[in-house]
Structures are given as structure tokens and as C-alpha cells.
Amino acid sequence: MKTAAVAINRLSYSYAASDGRSVLALSDVSLVVEQGSFVSLLGPSGCGKSTLLYLIGGFLKQEGTAIHVDGVPVTGPGPDRGIVFQQFALFPWRTVLGNVVYGMEKQRVPRAERLDRAHKLIRDVGLAGFEASYPSQLSGGMRQRAAIARTLAVDPAILLMDEPFGALDAQTRGIMQEQLRQIWQATGKTVIFVTHDVREAVYLSQKVVVMSKRPGTIKEIIDTSFEGSEADARVQSAVEDIWQQVKLEFADAPAHA
Amino acid sequence: MARLNVAWLKRLLPIIGLLVIWQAVAASHVTSAFLLPSVVTVAERVWSDIASGTLAGKVGLTLYRALAGFLIATVAGVTVGLSMSILPVVRWFFDPLISVGFPTPKIALLPIFMLWLGLGDETKIAMITFACFFAITTNAYAGALGVERAFIWSAQMLGASRRQILTDIILPAATPQILTGMQIALPVSLISTLVTEMIMGGGGLGGGLLEASRYADSPGVFAAIVEIAAAGAIVINVMFALRKRLLRWHEETQTRDQ
């Protein structure tokens with residue numbers, strides 16, 4: 001049995017809507033993410049999959065100790081859990097280099113070392129030559145590469161990815177998926193990946209967590225770590241399987257959701 | 001370079017047109033030289049003001065007052081505006097004050113300022129600061145409130161402290177809107193300076209205008225207006241250039257460059 005990077009035990013979460021009503025977003029969610037594994041959270045929009053990710057990240061406050069990371073209850077954000085957003089969230093007033101070094105500045109990494117590491121990371125994600133560019137001068141794919149480099153710069157043990165390729169065109173998305181797979185294999189980081197793209201989830205992850213519509217619960221956890229000669233066929237059948245499940249959720253969902 | 005000059009000429013054309021009409025009307029004897037002195041007379045007066053150094057003195061004094069008030073208001077307004085966005089107690093205190101103070105014509109408080117602070121530069125600068133404060137504060141506050149959640153979360157995740165989030169994230173993210181507030185406040189500072197100088201005296205462009213009108217020096221009044229307009233235009237353009245420089249990372253700068 002591998003050690004748990006993230007352990008969630010019977011987590012419920014509600015928030016106050018704009019009209020003051022309390023909305024139950026997540027209900028009785030329990031999940032264990034093993035160290036070094038790649039897990040996708042999949043479900044219809046509004047199912048609370050991003051909320052779950054933000055709770056693991058410590059960005060949203062919750063009472064109690066339902067979430068443990070490395071055995072310690074989550075109380076707030078930290079560099080052990082790096083997040084990557086769909087809309088990149090690069091600091092637009094900083095250059096690519098300025099964005100990538102920011103976390104290391106805050107961690108008080110010596111100047112020479114942080115520049116060294118930043119240049120290497122920027123090369124690794126394929127942005128060499130764009131160190132001095134501002135995010136507004138880059139394409140969507142390049143921005144997301146820069147955002148990933150910025151997050152990797154603080155060397156988080158866990159990568160939280162919130163539909164990171166959702167804003168990219170199909171071709172760029174394919175390239176980025178491949179690159180993320182390589183990063184994951186090379187670094188052995190734990191990845192929790194939120195998506196509503198079934199194929200993406202199955203292709204990238206070892207486990208797909210299918211969530212129900214609001215209030216979000218875990219419907220099923222499907223093993224998708226296929227290897228060997230029949231992998232392609234099994235990926236295909238898993239995609240179809242999961243599609244059926246997700247389609248059911250969509251069909252049940254109220255029309256306005 | 002040549003293209004730049006053409007662009008400038010095109011920008012100046014309406015002003016040149018206005019001057020031509022002015023000169024034509026003044027020369028046509030529809031009015032008297034007292035009611036409307038000719039462009040040439042006024043230009044000669046402006047030139048003699050420049051040559052004698054009196055203009056530099058007046059402009060210097062007026063700009064000193066305007067910019068002192070403007071800069072104090074900027075520091076105070078940005079501090080208060082950003083604090084309002086993160087500290088509920090500051091928001092609780094300033095929110096109603098701003099609601100009442102923003103639509104009030106600030107110049108109405110000048111008699112009180114004169115009573116409390118006397119007739120010197122302190123009163124003028126205090127008046128100008130007060131007049132500029134509201135536009136800068138409300139814009140800084142709105143800019144800070146509009147900062148994307150994901151920026152703040154990213155900085156938290158990367159290890160920034162609360163203080164660093166304010167200085168590293170909220171301040172630069174709110175800069176476009178802070179600059180907008182400053183651009184609204186800058187003409188207000190010039191107007192307030194002129195009005196305080198015209199009411200209180202004490203030299204400067206407003207004082208000069210007041211003096212010329214007292215002596216029924218019609219070319220002097222028109223020359224003062226031209227000088228005030230020119231000084232204002234230069235200050236506003238410097239502010240515009242400053243915005244472009246500070247926001248060279250921003251999309252608005254990039255599209256304008258193309």
C-alpha cells in the first residue's frame with residue numbers, strides 16, 4: 001500500500017449564495033490520493049470538482065479536519081500544493097521570467113540559484129527566448145506553459161490542475177497533455193486534475209473520479225492505468241463507459257444548471 | 001519621425017482653426033479690441049511674459065501647488081483605497097464619508113480651510129488635496145476589489161505573506177484603475193489651484209489672471225487663459241505618457257502600439 005498524499009474523509013462543504021441561502025456544494029466526499037499518482041476529477045459543470053480542488057489547495061476555508069495532506073490537516077494554501085488555473089493567472093505586470101522567479105523570491109532562494117532554476121524551467125517547458133515577454137504578448141498555450149513553469153518553480157509535491165487545458169485549441173491541448181505526462185513521469189509528483197473532458201481524463205490519469213451533479217458526491221472511482229498491448233482498446237472502452245455515466249448525470253441535471 | 005510630425009499637425013489642426021477664426025473675428029470690427037483682443041496681441045503678451053521670466057514664475061508656483069496637492073492626494077487615496085479593500089474597519093469608516101463627500105463640490109469647504117489654516121500655500125494645497133482625494137480613493141478601492149481571485153491564490157500558493165499580496169499583487173493589479181483615478185484628479189487639481197489662487201490671491205497663474213481682470217487688462221486676461229490652457233495640456237500629456245510607461249505590460253498599451 002502506497003502512502004496517501006491527500007486523504008479526504010467525509011467532507012461536506014456549503015457556501016453562501018448571493019441571495020444569502022446556503023448552497024451545499026459537496027456532500028460526504030471521501031477520497032484517498034496516493035503519493036505519485038495521477039487522479040482526475042470528472043463531472044458535469046457545477047458538480048463541485050473545482051471546489052474540491054480549491055479545498056485541497058486550502059484556498060477555500062472549511063471547518064474541521066476532513067482533508068489531510070501528508071497527514072496534516074489543511075488550514076491554508078502552501079507551496080507543497082501548486083495550482084494551475086484554466087485562465088493561467090500569470091501576473092500580467094511581470095515578464096515570463098518575473099513570474100517564474102516570484103515563488104522562489106518569496107521562498108528566499110538565493111538570486112543566482114533562482115535565476116538558474118527559472119531559466120532551466122523555462123527551457124524545459126519550451127519557452128526559451130520568451131523570458132522577457134509579458135503574458136499579454138504570448139499565445140494561450142505559451143501562457144499556460146509559463147504558468148506551469150511558475151508553479152513547478154516552488155517544487156510542489158502535489159500539482160492541482162483546474163481544467164488547465166480547457167482554454168486551449170485542440171492541437172495545443174494535445175501537445176500540452178503529452179508534456180504534462182512527461183513532467184509527471186519525470187518528477188513523480190502527485191497530480192490532481194480537474195476536467196470535464198472524458199478522453200483527457202482517461203488518457204492522462206491512473207484513476208478517474210466521477211462526480212455527481214450538485215451537491216457533488218463521488219459516484220464512482222475507475223481505474224484507468226492501462227499498460228501493454230491492449231492499452232489502446234481498453235482506453236477506448238473506458239472512455240465509452242465513463243461517457244455513459246457522465247451522460248446520465250447530465251440527463252438528471254435540472255435544465256437551468 | 002516625419003509620420004509623427006504629420007500626426008501631431010493633424011491633432012493641432014482644430015486648435016489652429018480656432019485661432020484663425022478668433023483672429024478673423026477680432027480683425028472684423030464686430031467686437032472691440034477690449035472685448036476680444038487679436039491673437040497677435042495676445043501672442044505678443046504671452047511672448048513678453050516668457051521673455052521677462054514672469055510666466056515661468058507663475059507656472060512654477062501654480063504647478064507646485066497643484067502637484068503637491070495631487071501627489072499628497074495620490075499617496076493618501078491609494079493607501080485608503082487599498083486598505084478599504086482588505087480591512088473591514090477602514091471600509092466601515094470611509095464608505096459613508098466617501099458617499100457623502102464624493103458628490104459634494106469640494107471648493108465649498110474653502111472658507112473653512114482658510115479659517116483653519118490661514119491664507120498661505122497650506123490652505124491651497126490642503127484644498128487641492130481634498131478635491132483630488134475622492135476620485136483617487138474610489139478608483140483605487142474599485143481596482144483593488146476587482147483583482148482576480150486567481151492572482152491572489154497564486155501568490156498565496158507561491159508563499160507570499162498578506163503584506164506581500166498587498167504590495168506585489170493588489171497594488172500592481174489595481175494600477176490601471178489607480179491611474180484612471182489620477183487622470184480624473186489631475187485636471188481637478190489644476191482647477192482647484194486656479195480657483196484658490198483667484199479667490200485667495202498669492203500669485204500663480206490664477207493670481208495673474210485675477211490681477212489682469214482687476215486692472216481691466218484684456219490682453220492680459222486672454223494671455224493668462226492661453227497660458228493656463230497650455231500648462232494644463234502639457235501636464236495632462238505627461239500624465240498620459242506616464243500611464244503608457246507604467247502599463248507597458250498591459251494589453252491596452254500593446255494594442256495601441258500596433
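Taking both residues in full, the closest heavy atoms of B:Gln156 and A:Pro77 are given as OE1-CG, 3.5 Å, listed atom of the first, atom of the second, then distance. The minimum heavy-atom distance between A:Phe85 and B:Ala150, with the atom names listed, is CE1-O, 3.8 Å.
Under the 30°/60° scheme for interplanar angles, the aromatic rings of A:Phe59 and B:Trp153 are found to lie parallel.
More than 12 heavy-atom neighbours from other residues, nucleotides or ligands sit within 6.0 angstrom of NE2 on A:His119. Atom NZ of A:Lys120 has 12 or fewer heavy atoms from other residues, nucleotides or ligands within 6.0 Å.
Counting only heavy atoms from C-beta outward, the side chains of A:Lys106 and B:Gln164 approach each other to under 4.5 Å. Looking at heavy atoms from C-beta onward, B:Met157 lies in side-chain contact with A:Thr151 at the 4.5 angstrom threshold. By the 4.5 Å heavy-atom criterion applied to side chains, A:Phe91 and B:Ile169 are counted as neighbours. Side chains of B:Ser154 and A:Tyr102 form no contact here, defined as non-hydrogen atoms less than 4.5 Å apart.
Per-residue heavy-atom pair counts under 4.5 Å with chain B were compared for A:Pro79, A:Gly103, A:Pro92, and the maximum is reached by A:Pro92. Each of B:Pro172, B:Ser161, B:Gly159 has some count of heavy-atom pairs under 4.5 Å with chain A, and the biggest count is that of B:Pro172.
Contact annotation for A:Tyr54: only side-chain heavy atoms (C-beta onward) come within less than 4.5 Å of a heavy atom of chain B. Contact annotation for A:Leu90: only backbone heavy atoms (N, CA, C, O) come within less than 4.5 Å of a heavy atom of chain B.
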Show, in sequence, the C-alpha distance, side-chain angles and deciding distance for A:Tyr134 and B:Arg248, and conclude whether the side chain to side chain contact (heavy atoms under 4.5 Å, CB included) test is met. CA-CA 9 Å; A:Tyr134 286 101; B:Arg248 64 195 186 284; 3.8 Å; yes
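Listed in order of number, the residues of residues 57-72 of chain B that approach chain A to under 4.5 Å between heavy atoms amount to none.
Atom CD of residue A:Glu105 and atom CG of residue B:Leu158 lie 10.5 Å apart, to the nearest 0.5 angstrom.
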